[in-house]
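Presented below is the structure to which this report refers.
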Amino acid sequence: MSVQDKVIEIIAEQAVLEPGDVTLDSTLEDLGIDSLGLVESIFAIEEEFDISIPFNANDPSESDFDISSVASIIKGIETLIADQKG
Amino acid sequence: MHRVVITGAGTVNALGHDVQDTLAAMREGHCGIGALDFQDVERLSIQIGGQVRGFEAEGRYNRQQMSLYDRFTQFTLAAAKEAIAQSGISFSGDLAAKSGVVLGTAGGGVSTWDANYRSVYEEGKNRVHPFVVPKLMNNAAASHVSMEHNLKGPSFTVSTACASSNHAMAQAFTMVRSGLAPVMITGGSESMLCFGGVKAWEGLRVMSKDACRPFSANRNGMVQGEGAGLFVFEDYEHARKRGADILCEVVGFAMSSDASDIVMPSKNGAARAMAGALADAKVNRDQVGYINAHGTGTAANDKTECAAVADVFGPHADKLMISSTKSMHGHLIGGTGAVELLACIMALRDGVIAPTIGYEEPDPECALDVVPNEAREAKVDVVLSNAFAFGGMNAVLALRGV
């Protein structure tokens, strides 16, 4: 399974949706994922890919990790995998 | 001063997953204590407990709830649902704004601490689930009850080891009696039956390897249990106006501190708590027909408790009945007073006194009527429920039939 498919699967599970209902341009807000859900998603992604995501729930916009859409999350994860596994 | 009555009760414990099954088991003198079943139990020298069986979180709670509910919260929510459903109250408007929840627990989310320590220390993981803190905190159960049932008034958690539930219920009682709250949800819960939770108790060398036999000369220690007991404490006039079924009345309480030893009980501290509860309830000692004992089955507690009863009640000590239901459901630590209050309600409402099972040999230092091995039918008017905690902190409740 590609990184994209896996991330979509994790986000869909958190949002209690089918993976097909999660599109690349969806925002977490669109999907009904609140702040606790976001933190839990990040934990699940870290566990899945064995990476560490620089994210501080106090000020998500100041983090180096862009969570503005599903696409930006996937892109950030791909970069982290390349950096941390490289 | 407002009169305070109990209009709902709920429980999960080793004897049953609801009040009806629990009281039936108490009447039959059924023992809920058995072999413990969890990871690494073979590394424990104590391998028995009053473990709750067949209570599966799956099916009861959804995935998101399970990630937030430690086992002590799961028990609490199931018991709260039963108690509030029995009371027939739904909380909205002004009633919701004024009503709250005060619960007792000694350890809170012990199995969550245990599982996550295991994961970071034993398995060497460097990441834990983000909800570990909100799951293990001692007030998690009370918070989830308040969220589930829309309770917006005074709400908090009390922690005084083995007296936690009695302190919590005493606090809820004063809130309703004073008029601060029309209804309070109260009681307590505990779930320490995991490797670390039992290993810690093992260290004290006060645990029995085979059975809890309170007051019996051959008793050899306490046995841990787990579960929850929850109650609806309600202003009598409020309950009467809505035609509620009243289970019994809470008439008084007292708290005392031994101020002497961190683990050894004190006759004086226990006696002051019992005498204080009688005074607060304005009842004479000869009106008390039954005492639900703290009765842990340790050498020290049982003889000290009996001596305290003799001091407080004088000649009447030989006429009243006193039993320890810990022999059946184990010691629920912070939740124990709550589950034991069910035996008090059964005594007042059904005229059935729960027995002390496992009783084999009389002990001259516990020479009271401990209702050995078989339940007894008897009409009683006033009962006491004792809880004497490590740390010397005691809380006794007095109840009366209605």
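Labels below follow one simple rule: chain letters A, B, ... track the order of the sequence lines, proteins then strands, and each chain is numbered from 1. Only a predicted model underlies this, so the values are computations on that prediction, with no experimental measurement involved.
- The CD1 atom of A/I42 lies 11.0 Å from the CZ atom of B/R127; values are rounded to the nearest 0.5 Å.
- In this structure, CD on B/Q64 lies 10.0 Å from CD on A/E13, to the nearest 0.5 angstrom.
- Here the closest non-hydrogen pair linking A/E40 and B/H129 is OE2-NE2, 2.9 Å.
- Heavy atoms of other residues, nucleotides or ligands lying less than 6.0 angstrom from CD of A/E47 number more than 12.
- The environment of B/D40 atom CG is dense: over 12 non-hydrogen atoms of other residues, nucleotides or ligands sit within 6.0 angstrom.
- At most 12 non-hydrogen atoms from other residues, nucleotides or ligands lie less than 6.0 angstrom from CD of A/E18.
- Atom CD of B/E122 has more than 12 neighbouring heavy atoms from other residues, nucleotides or ligands inside a 6.0 Å radius.
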